[in-house]
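The structure appears below as structure tokens.
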Amino acid sequence: MSDEYVLVCVAWPYANGPLHLGHVAGCYLPPDIQFRFERALGNRVLMVSGSDEHGTPITVTAEQQGISPQAVVDTFHAINTKALHDLGCMWSSNVDSRGVEYGGALFNRTSDPDHKALVQTNFQALEQAGLFERKTMEQYFEVDPSGGGRFLPDRYVEGTCPACDESGARGDQCDACGATYEAVELKSPISKMNPDAKVEIRETEHLFYRLDLFQEALEQHAADRHPYWKSNVRAMTKQWLDMGLRPRAVTRDLDWGISVPLEGETWNGKCVYVWFEAVQGYFTCANIWAERFASEHPDGTDAWKRWWTMDEEGRSPRHLYFLGKDNIPFHTIIWPAIILGLNHAKNGRTADEPVVLPGPGDYVLETNVPAMEYLMLAGGQFSKSRKHAVWLPSFLERYDPDTLRYYLTMNMPENHDTDFNWPDFVEKVNAELIAAYGNFVHRVLTLGDRLPREAGKSPFEPYASDETLSVHQRRVEEMLEEVTGSLKAHRFKEALRGLMNVAQYGNQILQSAAPWKHLKEPQDGHEESFATLGFCWRIARFLSITTQPFLPMSAQRLWQALGQAGQVEHVLWEESVAWETPFTWSDAPPTPLFDRLDLEEILATEEGLVEHDPSEDTSAVHGVKGGKKSGGKNMKGEAPEGIEYVDFDTFMKVNLRVGKIIKVEDHPNADKLYVVRLDDGTENGRTICAGLKAYYAPSEMEGKLVVFVENLAPRPLRGVTSEGMMLAADDGDGNVRLITVDGDVSTGSTVR
RNA sequence: AGCGAGGUGGGGUAGUCUGGAUAUCCCGUCGGGCUCAUAACCCGGAGAUCGAUGGUUCAAAUCCAUCCCUCGCUACCA
């Protein structure tokens with residue numbers, strides 16, 4: 001039996017929205033499988049993660065909803081914690097059932113005061129070791145007339161382009177002319193969040209982490225990990241290293257976060273940048289776990305060190321990080337650089353001394369980073385974007401979590417993006433999970449139920465041994481070895497497929513043994529046939545133990561149906577092939593492990609939900625810690641439920657008119673846009689940019705009478721000014737058609 | 001347009017880094033069997049010039065070059 005120390009690190013979900021199935025497939029299901037598997041091997045496993053709760057996007061959501069940032073993160077921390085629990089993830093067992101020396105799990109949060117304190121301690125240590133440098137920058141500052149104000153992140157500033165004088169240019173790039181510039185070069189800047197406020201440029205001081213000092217050590221580390229890393233991890237890391245590492249800002253002008261723990265006026269109102277802080281959660285969470293749950297551990301509150309430091313003999317705990325692809329550089333470059341920096345500081349070295357890889361007593365770097373690609377929710381040409389807006393909490397309200405765990409494992413984006421869709425979900429669950437595995441188990445139980453048995457005993461007892469079984473035993477042992485190998489290499493899809501093959505093997509030997517014939521009327525060879533059936537019971541037990549990491553709920557149901565005592569998640573992996581284990585039996589009548597799914601019913605339900613789903617932003621939000629996209633996507637916040645009314649006057653402000661499409665050309669500088677010349681009834685006509693490239697050929701559009709908005713403010717779109725907007729219908733299924741006029745009417749006619 | 005990923009029988013995939021013989025597995029399909037089991041199970045067949053072209057090599061799905069196409073992110077949008 002193995003008893004390594006294994007730290008399972010799970011990317012910290014950003015507490016600015018609920019988790020969706022993409023997150024589950026990418027970051028949350030794989031580590032739970034790994035955690036359960038490592039425990040079953042006998043290893044000492046600690047699993048750490050939590051809500052990432054700081055940063056600008058959360059303050060924006062709070063501001064929009066008129067609540068405090070703390071209220072925002074409290075809400076989503078609660079929702080996500082519950083959803084992960086309902087999915088069967090083992091976060092609720094803070095202390096391992098075998099005893100605290102075997103580890104446990106903690107789903108913490110970055111607003112935890114202990115996290116803050118530890119981050120501040122680390123920050124000071126790095127600062128004292130000289131691993132930060134100080135720079136003065138210019139940034140926009142929104143002045144509050146009643147005194148004070150705040151610095152604005154680039155993306156919350158808008159202004160006039162210094163190159164082409166177009167208005168509406170963003171902080172770092174102009175859409176109209178494509179120029180890029182420093183944000184402070186914008187003319188007449190305004191704050192997006194607060195357009196009326198006065199905005200000025202102010203100097204601000206910040207600290208930068210000297211990533212450049214770690215270049216060599218990280219290159220060495222990457223070379224060392226090369227054989228184990230997946231290709232996406234290697235590629236992404238190489239790209240960063242090849243560009244050359246540069247100092248990176250670790251402080252921000254923001255008040256929602258962990259305040260900079262340094263003396264001096266300069267640092268008032270400044271926070272540790274989230275990327276630098278949340279990632280330390282892997283470390284702080286282990287500390288906090290020991291503090292709160294490990295009092296029984298021989299090492300007490302130092303218990304965490306078992307999972308974090310190399311021992312005197314040079315043995316390291318194994319560190320596995322589970323995350324989505326957008327987070328790779330954070331975990332192969334930035335976080336290792338911070339760990340190396342902490343070692344450097346701890347060992348009393350300074351910035352002038354070379355950085356070295358961890359030695360005995362030091363914190364260790366990652367063993368592997370099995371990063372996933374994305375599960376697409378809105379991808380693919382046939383995808384129904386609305387229907388793919390599958391949020392984890394609402395999914396779990398309606399379906400068996402194991403069906404989701406099965407499908408997402410089989411469809412896991414291990415090597416490239418994959419797609420979630422309902423027909424595929426239903427088919428895989430019905431045809432593979434239920435038909436092969438569920439049905440096999442049910443056959444064994446119902447057949448066994450028809451054999452005579454003494455009360456409280458197993459019907460297979462008379463058939464316990466038969467020389468024909470050794471072939472089957474060896475075959476199943478071989479298959480187990482393959483599955484174990486797959487799981488050790490984090491190949492979850494392959495591992496679960498291997499288990500389904502064991503179920504298939506069971507079906508095969510059952511088929512050739514044909515015990516049903518002997519049940520009707522015992523014939524020659526009935527003992528061998530029933531012995532094979534008995535072995536199928538053992539295969540079912542094997543499957544209960546080995547599917548447990550993947551399908552914990554149904555594994556436990558099966559465990560009970562087999563008459564086995566206790567929790568299958570406490571049973572060791574190698575127990576699955578303990579062929580001498582006494583037979584047991586449950587006197588409860590056998591019931592199927594799963595219910596079949598009905599596609600039409602599901603589509604009808606999901607369709608119904610679409611109507612009430614307020615989030616128009618259904619594209620995949622892979623908003624996990626570190627991903628720069630999370631903020632942008634969620635800036636709109638979660639729209640309130642129901643419909644927002646506009647009054648009649650507001651509606652009448654929109655002038656709709658009829659125009660005729662004269663000419664359609666490709667936009668010179670945009671993928672999705674046409675430049676459309678419209679006869680709008682005036683002499684000059686007008687030009688409209690329309691994002692119809694995916695839906696119409698130019699020839700299809702030319703000559704059509706369409707409805708357009710006459711008084712929409714003109715706006716440059718990637719270099720061409722669009723004067724208005726043509727109306728089109730969108731069914732949300734990727735089908736977009738222009739609104740045309742029934743019969744002839746002169747151009748310029750009003751539409752009411 | 002910038003960045004990233006990918007094109008393998010009807011669909012989905014493994015194999016590609018580390019070249020090697022009949023290219024893997026699942027679903028579907030066709031034929032047969034079974035009838036214990038949730039329209040389930042078992043056996044067998046058909047079906048792929050591995051996106052295109054050129055190159056390196058005794059040997060290319062795999063290495064190199066060029067091209068085509070798709071997808072995601074960013075930008076943008078009906």
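Each chain gets a letter, A, B and so on, in the order the sequences are listed, and its residues count up from 1. Quantities reported herein were computed from a predicted structural model and do not represent experimental measurements.
Qualifying salt bridge (charged side-chain N to carboxylate O under 4.0 Å, His left out) partners for D449(A), counting only residues two or more places apart in sequence or in other chains: R453(A). Under the rule for a side-chain hydrogen bond (donor to acceptor under 3.5 Å, both in side chains), the partners of K238(A) that lie at least two apart in sequence or sit in another chain are D242(A). Every residue two or more places apart in sequence or in another chain that forms a side-chain contact (heavy atoms from CB on, under 4.5 Å) with I662(A) is listed here: R677(A), D679(A). Residues passing the side-chain hydrogen bond (donor to acceptor under 3.5 Å, both in side chains) test with Y505(A), sequence neighbours excluded: H472(A). Taking the side-chain hydrogen bond (donor to acceptor under 3.5 Å, both in side chains) definition, one finds that D417(A) meets it with K325(A), sequence neighbours left out. Applying the side-chain hydrogen bond (donor to acceptor under 3.5 Å, both in side chains) test to T532(A) and every residue at least two apart in sequence or in another chain returns nothing. Residues forming a ring pair (Phe, Tyr, Trp, His ring centres under 6.0 Å) with Y228(A) (at least two apart in sequence, or on another chain): none.
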- What string of B, S and - do you get for nucleotides 32-39 of chain B, 5' to 3', when a contact is any protein heavy atom under 4.0 Å? -BSSBBB-
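With the 3.5 Å cutoff on both pairing distances, Watson-Crick and G-U pairs in RNA chain B assemble into runs of at least 3 at B:1-7 with B:68-74, B:10-12 with B:25-27, B:29-33 with B:41-45, B:51-55 with B:63-67.
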Is there any protein nitrogen or oxygen under 3.5 Å from a nitrogen or oxygen in nucleotides 10-15 of chain B, and what are the pairs?
residue, atom, partner, partner atom, Å
A14(B), OP1, N415(A), ND2, 2.9
A14(B), OP2, H416(A), NE2, 3.3

Polar atom pairs (N or O), protein with nucleotides 64-66 of chain B, under 3.5 Å:
none

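Sorted by first and then second residue, the side chain to side chain donor-acceptor pair (under 3.5 Å) pairs with a member in residues 480-494 of chain A read Q34(A)-H490(A), T484(A)-W573(A), S486(A)-E494(A), R491(A)-E494(A); sequence neighbours excluded.
A gap of 26 Å separates the C1' atoms of C3(B) and U62(B), to the nearest Å.
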